[in-house]
Protein chains: 2
Amino acid sequence: MSTVQRSDRESISEMTTERLSVYLRCLESLDETTISSRELADRFHLNAAQIRKDLAHFGEFGIRGVGYNVGRLKEHLIRTLGIDRSRHALIVGAGNLGMALADYKGFNSEGFRVVALIDTDPKKIGQASKGDITIEAPAQLGEIVRRLHVEIGIIAVGPAEAQAVCDTLVEAGICAILNFAPVQMRLRDGVKIKSVDLRINLESLSFFLKNAEDALCDTG
Amino acid sequence: MSTVQRSDRESISEMTTERLSVYLRCLESLDETTISSRELADRFHLNAAQIRKDLAHFGEFGIRGVGYNVGRLKEHLIRTLGIDRSRHALIVGAGNLGMALADYKGFNSEGFRVVALIDTDPKKIGQASKGDITIEAPAQLGEIVRRLHVEIGIIAVGPAEAQAVCDTLVEAGICAILNFAPVQMRLRDGVKIKSVDLRINLESLSFFLKNAEDALCDTG
DNA sequence: GCATGTGAATGGATTCACAGCT
DNA sequence: AGCTGTGAATCCATTCACATGC
């Protein structure tokens, strides 16, 4: 076989994985049939050597002296990332954020689909999002996961409930979780949690602003 | 002076900065007046040596043989992160995501406040979010930034418009940007961009799921 | 005695630079 | 000639381990 998964799967780092996703996106916006690592890097503010190294983890996909075949590489990345088939997600927490995510286009394309919304609030249960996903009670969670083949759990509840929701999701057999609650999650092996922490991001920006101010004061 | 900013400000890495934010959050949920790096690490799944090293960048804040004074350390982190005063943010894009963010509690506490919403859609202009922030036209952007002292720009538009919005924000004098659009932003120096990329996060989870499946097949 | 602060050691990730192929 | 794939070199981050101070 030519496209062997050569290195141990475990050895691919998170950083590399995330860049594969970036590369795929970049390739999708290209018209040409072939591109070199250098040109890809130049156009999208990436690093050519890193592109080559990242891709080389999974086999030899380029042609020396020429570059990469765009279509073939896209196909390959799609398979590698496991998005060659649709994956179902469920959102817990039908507040502002949960509802927005349920209807967010990025979530409902490219092989991902939000198939259910869960909330504890009895007033919300039975209502539906704009995209017509009905809000269900937490008691339904396990059954929904099984019936609709949910693979990804999205936590969009407040910090107080987040850990409990996480535990419930894992209990129900979910082992890939996207967490929006600003908490330090307890991690379990066999379960992957990616956290999107707006507070950390904002505070990081604030730190940058503060240092810019201070630098200005010092020199001024 | 005792609490000198000892190392060059530029030398603090992004990773360290983000952890400062985590430490602050952890400290906020504590009752005791004193805590050791070890105990902080144990409780919140962190690393004790790393906590000490991160904190040591900014001076000597602990007491040997005792640990850190929680209140004092919180104060210090708040000042270091520059959130000892309120910072104003403006959101561009009043779609599902933008509106949800405008009303998101995490954005409107702890020293951050969304003070304006911008959208190109004439039908939306003049309307207000639940939290009562009026949607304004893009033409107003520069004036709003100046009048309301906006320091942070939040990009919640689609991928096609994101780079243009980013350029406009920088033009208006914003140098801290939180980007939600799934694009590779062109970066300029003096401007800090943090991107929250849901697609990358989802694809990363998918990659994990796919490998878990494959591993199962191999051994099964 | 106990926990900080910190050099030294380790471990990863990025970048360089070139051999090898088209 | 040109570009990939990759060992070697470099850079950065984390962890160890202990001297220092309470």
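Here is how names work: the chains are called A, B, and so on, in the same order as the sequence lines, proteins then strands, and each is numbered from 1.
The nearest heavy atom of DNA chain C to B/Arg38 and to A/Ala49 marks one nucleotide each, and the one closer to the 5' end goes with B/Arg38.
In this structure, B/Glu39 places its CD atom 10 Å from P of C/dT4, rounding to the nearest Å. For A/Ile63 and D/dA1, the CD1 to C1' distance is 16 Å, given to the nearest whole Å. Computed from coordinates, the A/Leu55 CG to D/dT4 P distance equals 9 Å when rounded to whole Å. To the nearest angstrom, P of D/dT14 lies 12 Å from CG of B/Leu46.
Between the side chain of A/Asp103 and the backbone N or O of A/Gly131, at least one donor-acceptor pair lies under 3.5 Å. With B/Arg25 contributing its side chain and A/Pro182 its backbone, the two residues share a donor-acceptor pair below 3.5 Å. In this structure, B/Thr34 contributes its side chain and B/Asn69 its backbone to no donor-acceptor pair below 3.5 Å.
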Write out a two-atom table: protein N or O, nucleotide N or O from nucleotides 18-21 of chain C, distance below 3.5 Å.
{"residue": "C/dG20", "atom": "N3", "partner": "A/Arg64", "partner atom": "NH1", "Å": "3.4"}

All N/O contacts under 3.5 Å from nucleotides 8-13 of chain C to the protein, with atom names and distances to one decimal?
{"residue": "C/dA8", "atom": "N6", "partner": "B/Lys53", "partner atom": "NZ", "Å": "3.3"}

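Side-chain contact of B/Tyr23 with B/Asp54: a donor-acceptor pair under 3.5 Å is present, judged by distance alone. Between the side chains of B/Arg113 and B/Ser86, no donor-acceptor pair is found at a separation under 3.5 Å. Checking B/Gln163 against B/Asp167 by side-chain atom types alone, a donor-acceptor pair falls below 3.5 Å.
Of all heavy-atom pairs spanning B/Ile133 and B/Ala102, the tightest one is CD1-O, 3.9 Å. In terms of heavy atoms, A/Phe207 sits closest to B/Thr80 at CD1-O, 3.2 Å.
Classification of the A/Phe61-A/His76 ring pair by plane angle, with boundaries at 30° and 60°, yields parallel.
For B/Asn47 and D/dT15, the shortest distance from a side-chain N or O to OP1 or OP2 is below 4.0 Å. Using a 4.0 Å cut-off, some side-chain N or O of B/Tyr68 falls inside it from OP1 or OP2 of C/dG5. Between A/Ser37 and the phosphate of D/dC3, there is no side-chain N or O to OP1/OP2 separation shorter than 4.0 Å.
The environment of A/Glu213 atom CD is dense: over 12 non-hydrogen atoms of other residues, nucleotides or ligands sit within 6.0 angstrom. At most 12 non-hydrogen atoms from other residues, nucleotides or ligands lie less than 6.0 angstrom from CD of A/Glu171.
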DNA chain D base-pair string [pairs: Watson-Crick or G-U under 3.5 Å; |: paired with another strand]: ||||||||||||||||||||||
